[in-house]
Number of protein chains: 2
Amino acid sequence: MNAITGNDGVERRAALLATAAEVFAARGYNATTVRRIADDAGLLAGSLYYHFDSKESMLDEILSAFLDELWAGYGTVLAAGLGPRETIEALVTQSFRQIDRHGPAVAIYQRESRHLSAQPRFAYLADTRLKFENAWLRTLERGVAERAFRADLDVRLVYRFVRDTVWVAASWYRPGGVHSPEEIARQYLSMVLEGITPRT
Amino acid sequence: MNAITGNDGVERRAALLATAAEVFAARGYNATTVRRIADDAGLLAGSLYYHFDSKESMLDEILSAFLDELWAGYGTVLAAGLGPRETIEALVTQSFRQIDRHGPAVAIYQRESRHLSAQPRFAYLADTRLKFENAWLRTLERGVAERAFRADLDVRLVYRFVRDTVWVAASWYRPGGVHSPEEIARQYLSMVLEGITPRT
DNA sequence: TAATCTACCAAACACTTGTTAGGGAAGGAG
DNA sequence: CTCCTTCCCTAACAAGTGTTTGGTAGATTA
């Protein structure tokens with residue numbers, strides 16, 4: 001696509017990872033050839049191996065960089081001691097912000113994490129999934145106990161629906177569009193919290 | 001995995017397509033080798049070409065068979081002349097029934113339809129997507145006009161969220177589990193229609 | 001100026017991919 | 001018994017895969 005000229009070695013590496021992430025997100029990891037990444041970055045396939053050990057290393061670096069930043073954001077939210085409803089609101093908003101910043105990485109994670117986590121190198125994906133599930137489930141259960149959420153809903157199902165809807169948004173969300181991440185989060189929260197039918 | 005012995009030629013073909021769909025759904029279409037499908041079906045790679053023209057033909061047949069049946073169900077719902085809320089309820093229930101019956105096909109569609117629809121052979125995927133969007137958007141807009149749904153929500157955003165949540169369920173739903181498709185549809189509709197916070 | 005380092009290219013490597021060609025065992029039809 | 005169809009196997013093909021090796025233009029350092 002467009003050649004990338006970085007001033008620094010670190011910048012160059014980051015730029016290459018960014019284009020790799022875009023191609024991975026668009027075509028899928030396995031369907032993406034190393035030559036295609038090189039084409040989009042403006043160099044030849046072999047030259048990528050000056051910067052990275054392997055195609056797998058690029059994927060690893062993309063995913064763990066994203067997950068580190070994601071979990072940092074989640075950590076501060078969970079440590080803030082908010083009520084259940086406010087915690088859910090903050091988590092959802094954080095998630096849409098991450099989609100805004102790491103769109104391709106989110107798409108890759110959603111698409112490949114399931115079968116990648118079987119591989120030892122990507123075992124941390126399974127850990128993340130568990131920490132994730134715990135954070136959401138605890139918050140939802142606390143909300144039910146404190147009468148902030150309805151008691152007649154299956155909490156696990158609600159968790160799955162909410163989780164999926166938030167992350168799958170990465171497949172259609174494009175940064176710089178009409179809706180800001182915060183606006184999307186607000187609309188989504190309004191739908192899930194209040195429902196789409198009018199409250200008399 | 002397990003060898004499949006069909007009595008009829010048509011049965012055999014269907015059984016082979018079923019195993020192919022499972023592998024496609026689990027690993028992704030491009031990442032799936034024809035030898036892997038053959039292994040799981042209990043024959044050799046070349047032998048698959050007695051039944052099918054190509055790997056692409058298998059994918060085509062899987063997707064169009066699923067979409068045909070899906071649209072048959074949607075058609076009767078849309079022709080029934082129900083109110084907006086009842087139409088949404090029926091569409092969602094229909095969708096979860098399709099996930100129950102065509103789980104792998106749904107997963108494949110969700111994962112690959114975007115970049116497949118650029119290919120001429122799979123142009124019908126783009127058409128389906130449009131018909132889909134029209135059906136949902138019209139129903140939602142009619143609901144807003146008839147005061148069955150809230151007017152302060154962005155209908156397009158609601159559509160995307162609802163669509164994604166319903167279909168992505170194919171990635172975790174397993175037939176024969178504790179929840180029937182109808183039960184899952186009921187819980188999901190309750191969440192989206194009424195919201196997860198208590199109505200006083 | 002000479003030596004070194006950075007970032008890349010050109011060309012090949014071993015391997016996997018989807019697909020094809022030819023043949024053969026099993027069984028029903030004439 | 002012979003013919004024919006069905007269904008599969010063996011073996012190979014050409015193209016594409018991730019990766020390695022050796023070399024080199026240009027800037028940086030000594």
Side-chain angles (χ1 to χ4, degrees), chain A residues 1-24 26-63 108 112 115-116 119-122, chain B residues 1-24 26-63 108 112 115-116 119-122:
Chain A
M1 205 76 78
N2 48 354
I4 295 167
T5 51
N7 315 329
D8 194 24
V10 185
E11 275 186 35
R12 179 69 171 143
R13 187 187 180 82
L16 289 176
L17 276 181
T19 61
E22 281 176 29
V23 189
F24 286 158
R27 319 264 184 204
Y29 171 72
N30 280 293
T32 298
T33 76
V34 132
R35 284 167 177 82
R36 168 88 186 176
I37 300 175
D39 265 16
D40 282 20
L43 41 71
L44 290 190
S47 308
L48 280 176
Y49 288 79
Y50 171 76
H51 300 276
F52 306 99
D53 292 345
S54 64
K55 181 187 173 189
E56 203 180 72
S57 294
M58 301 189 218
L59 178 64
D60 195 356
E61 210 161 319
I62 290 168
L63 287 179
I108 298 168
E112 322 273 1
H115 64 270
L116 278 180
Q119 226 167 325
R121 175 170 196 172
F122 294 95
Chain B
M1 204 75 80
N2 48 353
I4 294 170
T5 49
N7 314 328
D8 194 25
V10 184
E11 274 186 35
R12 180 69 171 145
R13 188 186 179 84
L16 290 175
L17 275 182
T19 62
E22 280 175 30
V23 189
F24 286 157
R27 318 267 185 206
Y29 170 72
N30 279 293
T32 297
T33 76
V34 130
R35 285 167 176 81
R36 169 85 186 177
I37 301 175
D39 264 17
D40 282 20
L43 42 71
L44 289 191
S47 308
L48 280 177
Y49 288 80
Y50 171 76
H51 299 276
F52 306 99
D53 291 344
S54 65
K55 182 187 173 190
E56 205 181 69
S57 293
M58 300 188 218
L59 178 63
D60 195 355
E61 209 161 321
I62 290 168
L63 287 179
I108 298 169
E112 322 272 2
H115 64 269
L116 278 181
Q119 227 168 323
R121 175 170 197 170
F122 294 95

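Nothing here was measured: the structure is a model prediction, and the numbers come from that model. Just so we're on the same page: letters track the sequence lines, and every chain starts at 1.
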Round to a whole Å and report the spacing from [atom1] of [X] to [atom2] of [N].
X	N	atom1	atom2	result
A/Phe52	D/dT20	CZ	C1'	18 Å
B/Met58	C/dT17	CE	C1'	13 Å
A/Leu48	C/dA7	CG	C1'	12 Å
A/Ile37	D/dG18	CD1	P	8 Å
A/Asn30	C/dG18	CG	P	12 Å
B/Leu59	C/dG18	CG	C1'	14 Å
A/Tyr29	D/dT17	OH	C1'	12 Å
A/Lys55	D/dT20	NZ	P	14 Å

Return yes if some donor-acceptor pair links the side-chain N/O of A/Glu112 with the main-chain N/O of A/Gly28 below 3.5 Å, else return no.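 No, A/Glu112 side chain to A/Gly28 backbone: no donor-acceptor pair under 3.5 Å.
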Indicate, with a heavy-atom threshold strictly under 4.0 Å, whether [X] touches base, sugar-phosphate, or nothing.
X	answer
B/Leu44	base
A/Thr33	sugar-phosphate
B/Ser57	nothing

According to a strict under-4.0 Å criterion, is [X] in side-chain N/O contact with OP1 or OP2 of [N]?
X	N	result
B/His51	D/dT6	no
A/Tyr49	D/dT20	no
B/Tyr50	D/dC8	no
A/Ser47	C/dA7	no
B/Arg12	D/dC8	yes
A/Arg36	D/dG16	no

Who are the side chain to side chain contact (heavy atoms under 4.5 Å, CB included) partners of B/Arg35, not counting sequence neighbours?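 In terms of side chain to side chain contact (heavy atoms under 4.5 Å, CB included), with neighbours along the sequence ignored, B/Arg35 is linked to B/Thr33, B/Ala45.
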Partners meeting side chain to side chain contact (heavy atoms under 4.5 Å, CB included) with A/Glu61 (sequence neighbours left out):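 Only A/Arg13, A/Leu17, A/Phe52 meet the side chain to side chain contact (heavy atoms under 4.5 Å, CB included) criterion with A/Glu61.
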Is a side-chain donor-acceptor pair under 3.5 Å present for A/Arg36 with A/Thr19?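 There is no such pair between these side chains.
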By nearest nucleotide on DNA chain C, pick out whichever of B/Thr32 and A/Gly46 is the more 5' one.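 Going by which nucleotide is closer to the 5' end, it is A/Gly46.
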Between CG of B/Leu59 and CD1 of B/Ile108, what distance do you get to the nearest 0.5 Å?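 Going from the CG atom of B/Leu59 to the CD1 atom of B/Ile108 covers 6.5 Å.
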Please pick, from D/dT19, C/dG18, C/dC9, the nucleotide with the shortest atom-to-atom distance to any side-chain atom of A/Leu43. C/dC9
Less than 3.5 Å between a donor and an acceptor, one on the side chain of B/Arg35 and one on the base of C/dG18, is that the case here? yes
